[in-house]
Amino acid sequence: MRAVWAGRWLRTAYALLGDTPRRSASRGAPRRRRTQKDCRAGWEEEKSTDRVKWRQLEHRGPYFAPAYEPLPDGVRFFYNGEEASEWPAPGCDLPVFTPGWGPREMTVEERKVIKHLDKCDFTEMHRYFVDKAAARKALPREEKQKLKEEAEKLRQEFGYCILDGHREKIGNFKTEPPGLFQGRGDHPKMGMVKRRILPEDVVINCSRDSKIPEPPAGHQWKEVRSDNTVMWLASWKENIQSSIKYIMLNPSSKLKREKDWQKYEVARRLKGVVDEIRSQYRADWKSREMKQRQCAVALYLIDKLALRAGNEKEEGEAADTVGCCSLRVEHIQLHPEADGQEHVVEFDFLGKDSIRYCNRVPVEKPVYKNLQLFMENKEPGDDLFDRLTTASLNKHLQDLMGGLTAKVFRTYNASVTLQEQLRVLTRAEDSIAAKILSYNRANRAVAILCNHQRATPKAFEKSMQNLQTKIKVKKEQVAEARVELKRAKADHETQGDGKSRCFLEKKRRVLEKLQDQLARLSAQATDKEENKQVALGTSKLNYLDPRISIAWCKRFGVPVEKIYNKTQREKFAWALGMAGEDFEF
DNA sequence: CTTGTTACTTAGCACTACATTC
DNA sequence: GAATGTAGTGCTAAGTAACAAG
């Protein structure tokens, strides 16, 4: 078998041809960051900052994933068709937190022998992990229950903190286990070894007067600090991109809820000035200054198409993806006329998570002309907006409205679209099920606007077929019930007694019930088909002001539980009481 | 201005637990 | 009771954006 790069078993497999992760090319001496002393000063001064501040924070520190067990002796590895008798040797040349095994890079000797991944045969290793997963699945009920209880115990011990006197849920209380880095898209660092995190890597953030978390026996924290202007409880630097990972609170916590609420309030403030901003950027399309023009056109695209800002990325560090400001000439095509419309721009690029954005849109003539201008004398690989960065764009936005950045447009347009679509699609006389379908349609309009895609579910075709079969059966049943009803009607007319009347009523109810079921099934089928490749969750969780949905529920008598599950209701608790039925975004 | 660092939000996928159907 | 379908959850990568320093 070939190297299978998908699947979690890889996390535990050996890294074969991983490059040594390069240290980020730090050019000069490390710059001075905020020190602990500065933090203390911040604490006492209560500087005006939009950062949420806390007074007291106590927690247990992160939970360290236990080390993996070594592969048993029987599991063999083949290279180029031959069994490698000595390799890979169990054991680990990296420091491990508990005695055990972890993924590692090849030694110098191994690298001399193993040069091509496609000559590696992982079959036995793969089977070992598949079997292990199957064994776990086949565990008797009591054993599973026991595992569950152990996990719950862990959650109780590590999964909560005390913040300003309240016990709050932590979002991710475990350090990330070592494994092979799985980037998305064509990632240059795919397959590199992600090191095990040790207590020595971890910075703890908590109140000075709290019980400081104990590092695991025989270990020490990298640092313990008390910075009350940040939301994280612990952090460490990861070795692939040398970015910092954080342990933070669950969305249901007060701190996160308030932040979320603020976000939507900023978007609502934009609503008040958006007309002005729009006429402003329209005017700037004709600006004499190139930079201003580019800014105005970019803003138009961000506003109209809900594009992301598009920060610059370091080449070779991540997959080649772009957003608005980092669009290149090769990503758009101009059509003077297409699909019966004028001034059509065709976009085709990879966005966040290497999700393809492919769209043809008619734009206003000045935008079209400007794009033409921006593309003149440029190579396909050149930046479309060569005078523009996200920083300068956001600087401009900040001047137009305090707190305004490019991403606010996405929030704003998503929420406005939901509100508008709900208004258009909901009919008061519809059943609850039909209303929920309308809600999903409105949600879907937003997801499409924001380009939230998903892979077609594995069993989609099959489950769709099953659904169609069910519909067919139901249709036959309805037809049959119709015939029976007719017969009962005729019987009642000839006999006219109470018994036949009763029978007639019964048949009528049966038919109604069946018709209802049929309607529900076809609605389900429509919904399913339309939703095939659209992910609704992301917009629901991150872009749609929950007060819009809650107000809609109240207005149309739909229970909120039909729209938000328990977790979502906890996250949006701030909005539950706030939004009356006439709330307007 | 550029560049690196830091903090936080947004994103899709794998897995799992539970409901439903056979 | 097994098989199947699906909603919910965990995970962590990949963005945005602010800020400091050269």
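Not measured: the values here are computed from a predicted model. Convention: sequence-line order gives letters A, B, ...; per-chain numbering from 1.
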_What's A:Gln453 touching, base or sugar-phosphate or nothing? Going by heavy atoms closer than 4.0 Å._
sugar-phosphate
*Answer yes if the side chains of A:Glu152 and A:Gln156 hold a donor-acceptor pair under 3.5 Å, and no otherwise.*
yes
*Hey, which of these two, A:Lys352 or A:Arg155, hits DNA chain C nearer its 5' end, going by closest nucleotide?*
A:Arg155
*Decide whether A:Lys313 and A:Ser326 meet the rule of one side-chain donor and one side-chain acceptor closer than 3.5 Å.*
no
*Given atom CG of A:Leu541 and atom C1' of C:dG10, what is their separation to the nearest angstrom?*
13 Å
*Tell me which nucleotide among B:dC13, C:dC11, B:dT6 gets nearest to the side chain of A:Ala455.*
B:dC13
*asked:* Please report the distance, rounded to the nearest Å, between CD in A:Glu152 and C1' in C:dG10.
replied: 15 Å
*Does A:Lys528 have a side-chain nitrogen or oxygen under 4.0 Å from the phosphate oxygens OP1 or OP2 of C:dT6?*
yes
_What's the closest nucleotide to the side chain of A:Lys194 if the choices are B:dC13, B:dG4, C:dT12?_
C:dT12
*Does C:dG15 have OP1 or OP2 sitting under 4.0 Å from an N or O in the side chain of A:Lys313?*
yes
_B:dA11 OP1/OP2 closer than 4.0 Å to side-chain N/O of A:Tyr543_ = yes
*Between A:Asn565 and A:Gly185, which is nearer to the 5' end of DNA chain C once each is assigned its nearest nucleotide?*
A:Asn565
*Classify the nucleic acid contact of A:Gly537 as base, sugar-phosphate or nothing, counting any heavy atom under 4.0 Å across all strands shown.*
nothing
*Separation of atom NZ in A:Lys174 from atom C1' in C:dG10, rounded to whole Å*: 8 Å
_Side chains of A:His452 and A:Tyr543 in contact at under 4.5 Å (non-hydrogen atoms)_ = yes
*Would you mind reading off the distance between A:Asn250 atom CG and B:dC8 atom P, rounded to a whole angstrom?*
16 Å
*Among the nucleotides C:dT12, C:dA17, B:dA7, which one has an atom lying closest to any side-chain atom of A:Ile244?*
B:dA7
*Using a heavy-atom cut-off of under 4.0 Å over every strand shown, decide if A:Lys263 touches base, sugar-phosphate, or nothing.*
sugar-phosphate
*asked:* When you measure from the side-chain N and O atoms of A:Thr538 to the phosphate of B:dG12, is any distance below 4.0 Å, counting only OP1 and OP2?
replied: yes
*asked:* From the set C:dA17, B:dG12, C:dG15, return the single nucleotide nearest to any side-chain atom of A:Asn394.
replied: C:dA17
*Which sits closer to the 5' end of DNA chain B, A:Asp260 or A:Ser392, going by the nucleotide each is nearest to?*
A:Ser392
*Verify the neighbour count for atom CG of A:Asp186: are there more than 12 heavy atoms of other residues, nucleotides or ligands below 6.0 Å?*
no
_Among C:dA17, B:dA7, C:dG10, which nucleotide has an atom closest to any side-chain atom of A:Val230?_
B:dA7
*asked:* I want to check one thing: is the phosphate of C:dA14, taken as OP1 and OP2, less than 4.0 Å away from some side-chain N or O of A:Gln241?
replied: yes
*Of the nucleotides C:dG15, C:dA18, B:dT6, which has the atom closest to the A:Arg308 side chain?*
C:dG15
_Side-chain N or O of A:Ser235 closer than 4.0 Å to phosphate OP1/OP2 of B:dA7_ = no
*Residue closer to the 5' end of DNA chain B, A:Thr389 versus A:Ser243 (nearest nucleotide)*: A:Thr389
*Does A:Ile563 offer a backbone N or O that forms a donor-acceptor pair with the side chain of A:Lys540 under 3.5 Å?*
yes
*Please give, in whole Å, the distance from C:dA7 P to A:Ile563 CD1?*
13 Å
_Options C:dA17, C:dT12, B:dT9, nucleotide nearest the side-chain atoms of A:Asn172_ = C:dT12
*Short side-chain N/O contact to C:dA17 OP1/OP2 from A:Thr405, under 4.0 Å*: yes
*What is the nucleic acid contact for A:Gly351, judged by heavy atoms within less than 4.0 Å: base, sugar-phosphate only, or nothing?*
sugar-phosphate
*Does NZ in A:Lys263 sit with more than 12 non-hydrogen atoms of other residues, nucleotides or ligands closer than 6.0 Å?*
yes
*Would one find more than 12 heavy atoms of other residues, nucleotides or ligands at under 6.0 Å from atom CD of A:Glu315?*
no
*Ignoring backbone atoms, establish whether A:Lys407 has a side-chain N or O less than 4.0 Å from OP1 or OP2 of B:dT10.*
yes
*Can a side chain N or O of A:His187 be found less than 4.0 Å away from OP1 or OP2 on C:dA13?*
no
*Using a 4.0 Å heavy-atom cut-off across all strands, classify A:Lys148 as base, sugar-phosphate, or nothing.*
sugar-phosphate
*Counting side-chain heavy atoms from C-beta on, which of C:dA13, C:dA17, B:dA11 comes nearest to A:Arg410?*
B:dA11
*A:His331 (side chain) donor-acceptor with A:Arg328 (main chain) under 3.5 angstrom*: yes
_Does A:Arg454 reach a base, just sugar-phosphate, or nothing at all? Heavy atoms under 4.0 Å._
sugar-phosphate
*Is A:Gln398 near enough to C:dA18 that one of its side-chain N or O atoms lies under 4.0 angstrom from OP1 or OP2?*
yes
*Where the side chain of A:Ile355 is concerned, which of C:dA14, B:dA7, B:dG12 is the nearest nucleotide?*
B:dG12
*Would you classify A:Thr390 as touching base, sugar-phosphate or nothing, given that sugar-phosphate means primed atoms plus P, OP1 and OP2, and contacts are heavy atoms under 4.0 Å?*
nothing
*Hey, does A:Ala391 reach any base, or is it just sugar-phosphate, or nothing, if we go heavy atoms under 4.0 Å?*
nothing
_Rounding to an integer number of Å, can you tell me how far A:Arg136 CZ sits from B:dA14 C1'?_
14 Å
*Return the nearest nucleotide to the side chain of A:Lys237; candidates are B:dT6, C:dA14, B:dT9.*
B:dT6
_Between B:dG12 (C1') and A:Asp353 (CG): distance, integer Å_ = 6 Å
